[in-house]
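Encoded as structure tokens, the structure appears first; notes follow it.
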Amino acid sequence: MNYWLVKSEPNVYAWEQFQTDKVAVWDGVRNYLARNNLRAMQKGDLVLFYHSNIGLEVVGIAKVKKTGFPDPASPDQWTAVELVPYKKLKHPVSLKKMKNCPELSNMGLIRQSRLSVSALTEDEFNKVLLLSQEN
DNA sequence: GCCAACGTTGGC
DNA sequence: GCCAACGTTGGC
């Protein structure tokens with residue numbers, strides 16, 4: 001089991017829309033490191049869903065439904081996956097909160113904020129869930 | 001292969 | 001709206 005974090009701008013594709021859709025093709029990623037992360041995803045992996053630009057918080061957990069397949073727009077080079085909503089967090093976890101948390105200082109989101117798909121350790125994943133229990 | 005110029009992302 | 005960080009491009 002691996003853990004990941006994906007970013008989405010809520011004015012482009014928000015968690016609420018994702019929940020309505022029940023499934024989302026995660027394509028359009030045009031960064032090699034992010035692509036490698038997409039390719040490393042396994043079915044059933046859990047993925048934190050982060051709202052960038054607006055909100056700046058982790059709002060839910062998604063699950064990998066379909067593993068890396070060719071991005072329809074650029075099948076030779078790029079990769080897409082399919083995600084389904086798994087759980088909405090009880091309380092969103094803000095970037096500020098994560099930045100203030102020493103255990104999360106190595107998190108991909110904080111170290112390299114521009115990376116759209118990053119890997120998380122199990123500890124980091126669990127810590128974010130823990131923070132989402134608090135108000 | 002280096003590096004300057006430029007574009008994009010995303011937090012503030 | 002600004003700017004730092006990062007990736008890409010292209011001239012040399």
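The figures here come from the full heavy-atom set of this structure, side chains too, leaving out hydrogens, waters and symmetry mates. Values in this document were obtained by computation on a predicted structure and should not be read as measured data. Below, chain A is the first sequence line, B the second, and so on; all start at residue 1.
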Test side chain to side chain donor-acceptor pair (under 3.5 Å) on A/Trp4 and A/Asn37 and set out the steps. CA-CA 8 Å; A/Trp4 311 95; A/Asn37 287 333; over 6 Å; no
Salt-bridge contact A/Lys97-A/Glu57 (side-chain N to carboxylate O under 4.0 Å):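 Salt bridge absent between A/Lys97 and A/Glu57.
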Between A/Val47 and A/Val64, is there a side-chain heavy-atom distance shorter than 4.5 Å?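 The answer is yes; the side chains approach within 4.5 Å.
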DNA chain B-proximal residues of residues 91-102 of chain A, any heavy atom under 4.0 Å: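 Heavy-atom contacts with DNA chain B come from A/Leu95, A/Lys99.
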Looking at DNA chain B, which of residues 3-17 of chain A put a heavy atom within less than 4.0 Å of it?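 When residues 3-17 of chain A is checked for heavy atoms under 4.0 Å from DNA chain B, the hits, listed by number, are A/Lys7, A/Glu9.
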If every non-hydrogen atom of A/Tyr32 is compared with every non-hydrogen atom of A/Gln77, which pair is closest and at what distance?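 In this case the closest contact between A/Tyr32 and A/Gln77 is OH-NE2, 2.9 Å.
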Going 5' to 3' along DNA chain C, between which two nucleotides do contacts with chain A fall, using a heavy-atom cut-off of 4.0 Å?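 Extent of the interface on DNA chain C: C/dA5 to C/dT8.
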Which ILVMFWY residues can you reach from A/Val23 by hopping between side chains whose heavy atoms are under 4.5 Å apart?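 Members alongside A/Val23: A/Val84.
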Cluster companions of A/Met107 among Ile, Leu, Val, Met, Phe, Trp, Tyr (side-chain spacing under 4.5 Å):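 Reading the cluster by chain and number, A/Met107 sits alongside A/Met1, A/Tyr3, A/Leu5, A/Leu46, A/Leu48, A/Tyr50, A/Leu56, A/Val58, A/Ile61, A/Tyr86, A/Leu89, A/Val93, A/Leu95, A/Met98, A/Leu104, A/Leu109, A/Ile110, A/Leu120, A/Phe125, A/Val128, A/Leu129, A/Leu131.
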Side chain to side chain contact (heavy atoms under 4.5 Å, CB included) for A/Val81 and A/Lys66? Distances and angles first, verdict last. CA-CA 6 Å; A/Val81 297; A/Lys66 188 176 173 192; over 6 Å; no
For [X], enumerate each residue passing the side-chain contact (heavy atoms from CB on, under 4.5 Å) test, keeping only those at least two apart in sequence or located in another chain.
X	result
A/Asn100	A/Lys96
A/Ala73	A/Arg30, A/Asp71
A/Lys22	none
A/Ala34	A/Val29, A/Asn31, A/Leu115, A/Ser116, A/Val117

Contact class for A/Leu56 (heavy atom, under 4.0 Å): base, sugar-phosphate, or nothing?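 Result for A/Leu56 = sugar-phosphate.
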Contact residues, residues 25-32 of chain A to DNA chain C [heavy atom, < 4.0 Å]: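 Under 4.0 Å from DNA chain C: A/Asn31, A/Tyr32.
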Terminal axis angle for the helix from B/dG1-C/dC12 to B/dC12-C/dG1, five pairs an end, nearest 10 degrees: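 Taking the rotation axis at each end, their angle is 10°.
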Does the side chain to side chain donor-acceptor pair (under 3.5 Å) test come out yes or no for A/Arg39 and A/Thr79, once each step is laid out? CA-CA 7 Å; A/Arg39 288 185 176 173; A/Thr79 297; 2.7 Å; yes
Which pairs pass ring pair (Phe, Tyr, Trp, His ring centres under 6.0 Å) with one or both residues in residues 92-117 of chain A, sequence neighbours excluded?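 Residue pairs with at least one partner in residues 92-117 of chain A: there are none.
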A/Trp78 ring center near A/Phe69 ring center (under 6.0 Å):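 Judged by ring-centre distance (under 6.0 Å), A/Trp78 and A/Phe69 do not meet the cut-off.
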Using the six-membered ring wherever Trp is involved, compare the ring planes of A/Tyr13 and A/Phe49 and label them parallel, tilted or perpendicular (cut-offs 30° and 60°).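 Taking A/Phe49 first and then A/Tyr13, their aromatic rings sit tilted (interplane angle of 30° to 60°).
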